[in-house]
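This report refers to the structure that appears directly beneath it.
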Amino acid sequence: MPNHVPHIIEVAIPLHLDRTFHYRVPREMEGQALAGRRAFVPFGRRRLTGYILGNVTAPPPHELKEIFEVLDPEPLWTDSELEFFRWVASYYLHPLGEVLKTALPAGINIQDRKGSGQDDPTVSGGKTIKTEIVYRAAAPCEPAPHLGAKAADILGVIREAGDIPAAELRRRFGTCSPQLKRLAELGLVTGETREVYRNPFGDDAVKRDTPRVLSRHQQAALDALCAALDRHAFAPFLLHGVTGSGKTEVYLQAIAQALGQDKNALVLVPEISLTPQLVQRFRARFGHGIAILHSGLSDGERYDEWRRIRRGQARIVIGARSAIFAPLAGIGIIIVDEEHEASFKQADGLRYNARDLALVRGRMERAVVLLGSATPLVTSRYAAEHGKLALLTLPERVEQRPMPTVELAPMKGVATAISPLLVPALEATLAAGEQAIIFLNRRGFATYLVCAECGAPLACPNCSVSLTYHRQRGQSVCHYCDYAIPAPGICPACGCQELKELGAGTERLEHDLRELVPQARILRMDSDTTGGKGSHGRLLARMSDGSADILVGTQMIAKGHDFPGVTLVGVVNAEASLAMPDFRAAERTFQLLSQVIGRAGRGDAPGRVVVQAQSSDHYAIQNAVRHDSDAFYRQELEFRREVGYPPFSFLACLGFSGTAERPVEEHAGTVARLLTQLKREKGLRVEILGPAPAPLYRLRGRFRRQILLKSPTRNDLRRLIAAWQQNRPAASTIREYVDIDPVDMM
DNA sequence: AGCACGCCGACT
DNA sequence: GTCGGCGTGCTC
């Protein structure tokens with residue numbers, strides 16, 4: 001035996017471990033153990049799937065184990081994709097192995113298996129490849145020998161079709177395997193197994209359409225995008241276009257341009273708006289070659305879409321946040337639609353923001369990145385004003401459609417949940433055979449209950465937030481932890497049986513509307529009424545087929561779906577979201593209000609909106625009502641500048657919260673270590689905020705792994721910045737996740 | 001994350 | 001005398 005240099009590889013393990021591991025590669029696998037493939041490896045006394053990162057030249061000074069097997073015949077990722085994943089792992093302080101696992105479709109992910117057997121046959125690559133048997137006529141002209149009538153019919157069909165899947169034959173003839181077996185024996189047909197993709201679209205065909213004529217502003221935006229595509233360099237854009245201004249048409253034509261350059265397109269959409277409507281428009285324009293990735297797919301469908309993309313059989317990928325990890329090569333353009341949506345953030349495991357990662361991947365791929373929204377993130381507007389994003393605006397609706405008219409209904413001193421202004425508007429809408437939606441971002445019947453005797457509020461014993469009375473369920477429920485008591489409950493302080501029902505939720509609105517407009521057919525849509533699978537779609541269908549007049553709901557009606565028959569929108573308690581404990585509360589309020597207002601009106605008739613508010617003084621409400629987003633962003637930026645928020649890319653907020661057994665102070669060591677790490681590795685400026693305001697979070701055991709998400713409030717930020725400026729750490733807790741706009745790191 | 005090792009309370 | 005609680009530490 002000649003002396004032989006051992007082949008050593010670096011492997012990322014999908015566990016919470018901050019380093020990679022090295023393995024020896026047996027001689028017979030040397031050609032296969034390449035970067036981007038998975039390897040089945042021994043790990044402790046377990047056996048699991050790791051991801052090969054590459055070769056190692058200098059062997060580490062300790063004993064190495066050998067890999068069992070290379071699981072993939074082809075690399076799962078290219079080198080540049082691996083580079084992207086490394087960036088992600090380092091930016092989000094997350095183990096690379098876990099990042100890679102997240103990037104993979106479920107179904108081929110987990111191969112963990114313990115035990116002794118080397119003879120475990122299930123250990124191999126993805127096991128979910130679907131196949132079908134296809135029959136083909138072997139000798140088309142040969143006259144058939146005497147056959148049964150059914151066999152002869154089957155043969156006829158096969159000969160006519162050329163080749164035909166077994167499933168199709170079974171659909172036409174019922175059971176036909178005996179006949180097929182006979183035909184095959186006679187050498188008249190052959191059957192072969194081939195791989196098929198599960199098709200998430202089903203079989204419905206789509207009518208093709210053609211590019212529409214663009215408005216002046218659309219054309220200007222498209223020209224800028226095409227010019228950037230021609231340069232083949234990273235070019236980030238913000239497309240700020242009012243509702244109905246035709247952003248999608250700009251996307252479609254920009255994608256067409258990219259495809260024409262032989263490049264591919266990645267389209268990220270918030271989960272909720274991954275409605276058939278948008279996908280249909282893409283299919284109508286581009287036909288085949290579209291892959292979709294979202295949580296509604298089965299593991300098999302997801303896996304198949306992933307393989308189609310990897311093999312270059314899809315030119316356009318449309319998906320929710322995880323699609324940012326799609327194995328799409330040659331990306332020319334990445335579009336993030338509704339870029340302000342919070343659903344681009346993954347809130348557990350690898351806490352990424354797909355909107356941010358779009359910019360990072362786009363930079364690595366030298367692609368055009370287009371962030372589109374009617375109400376962009378304040379950070380995006382800020383970046384645009386500082387030249388880090390090129391700003392494209394669509395200030396007008398297509399075809400000169402007017403914006404809805406908006407009235408404010410002051411609720412000060414009004415005892416009812418529904419304003420007296422809204423009722424006649426509803427009646428008029430119904431009389432005209434049109435529909436209305438009423439929006440209130442709180443579910444339940446009464447949002448808090450207080451004792452009629454002593455005034456004590458009914459609160460959750462775990463979370464110390466007030467319980468919401470759900471009349472239908474007959475319970476008072478905590479919306480944080482689902483703690484529930486029989487409704488409405490008795491006063492915990494004095495035992496009094498009478499509780500005052502304060503604060504209306506959607507259930508209460510529905511109840512009141514049935515009395516106020518008895519002739520209306522009313523639907524309610526919130527997470528209480530959309531529990532079952534498909535109930536969401538059923539409710540929407542009843543609106544679109546006209547079998548309901550009024551839809552009452554929470555923010556799930558504000559997003560995603562179009563309601564073509566809706567001419568009236570009522571917004572109840574518009575300022576509620578301003579009180580949210582989050583420094584982005586004003587931004588959120590403006591976004592949500594603008595979105596709901598945009599729901600009103602249809603092609604022929606301008607919409608009408610009634611906005612109910614205790615006080616409409618706040619610029620978030622006023623500017624949403626006036627459709628003046630420029631004014632909103634100007635004022636919000638001004639406000640943030642005044643309070644001295646570091647320009648939007650400040651830092652990571654880390655949050656810890658304590659338990660009775662382990663108070664927060666005991667975590668100081670861990671907090672300090674993490675902060676030091678962040679400072680050193682990321683060059684970030686980090687401070688610690690005070691304790692989390694509500695004991696919403698329970699930590700057990702190893703707090704290190706249970707890092708919590710909590711948005712800093714405006715007050716938190718003020719304290720943070722004061723501490724920062726005086727170069728002093730503030731007290732004890734908090735972690736948020738890294739919420740830095742990568743545009744600012746570029 | 002698992003999984004083992006390890007050292008203190010109530011039990012077939 | 002053991003079973004089992006979870007604290008600590010390790011995994012090429």
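Computation of the quantities below employed the complete heavy-atom set of this structure, encompassing side-chain atoms and omitting hydrogens, waters and symmetry-equivalent molecules. Numbers restart at 1 for each chain; the letters A, B, ... are given by sequence-line order, proteins then strands. Only a predicted model underlies this, so the values are computations on that prediction, with no experimental measurement involved.
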Is there a side-chain polar atom (N or O) of A:Arg46 under 4.0 Å from OP1 or OP2 of B:dG2?
-> yes
Rounded distance in Å - [atom1] ([X]) to [atom2] ([N]):
X	N	atom1	atom2	result
A:Leu48	B:dC3	CG	C1'	12 Å
A:Phe68	C:dC12	CZ	P	10 Å
A:Tyr51	C:dC12	OH	P	17 Å
A:Arg45	C:dC10	CZ	C1'	10 Å
A:Lys65	C:dC12	NZ	P	4 Å
A:Ile13	C:dC10	CD1	C1'	13 Å
A:Ile9	C:dC12	CD1	P	13 Å
A:Leu15	C:dG9	CG	P	19 Å

Have a look at A:Glu63 and say if it touches a base, only the backbone sugar-phosphate, or nothing, with a 4.0 Å heavy-atom cut-off.
-> sugar-phosphate
Just checking A:Arg24: base, sugar-phosphate only, or nothing, at a heavy-atom cut-off of under 4.0 Å?
-> nothing
Taking only residues at least two apart or on different chains, which pairs with a member in residues 79-90 of chain A satisfy salt bridge (charged side-chain N to carboxylate O under 4.0 Å, His left out)?
-> A:Glu81-A:Arg310, A:Glu81-A:Arg361
The side-chain hydrogen bond (donor to acceptor under 3.5 Å, both in side chains) partners of A:Thr20 (sequence neighbours excluded) come to A:Glu10
Polar side chain donor-acceptor pair, A:Ser380 to A:Glu339, under 3.5 angstrom | yes
Checking side chain to side chain donor-acceptor pair (under 3.5 Å) for the pair A:Gln313/A:Tyr197: CA distance, chi angles, key distance, verdict?
-> CA-CA 11 Å; A:Gln313 290 163 352; A:Tyr197 295 125; 2.5 Å; yes
A:Tyr23 has a side chain; which of C:dT11, C:dC12, B:dA4 sits nearest to it?
-> C:dC12
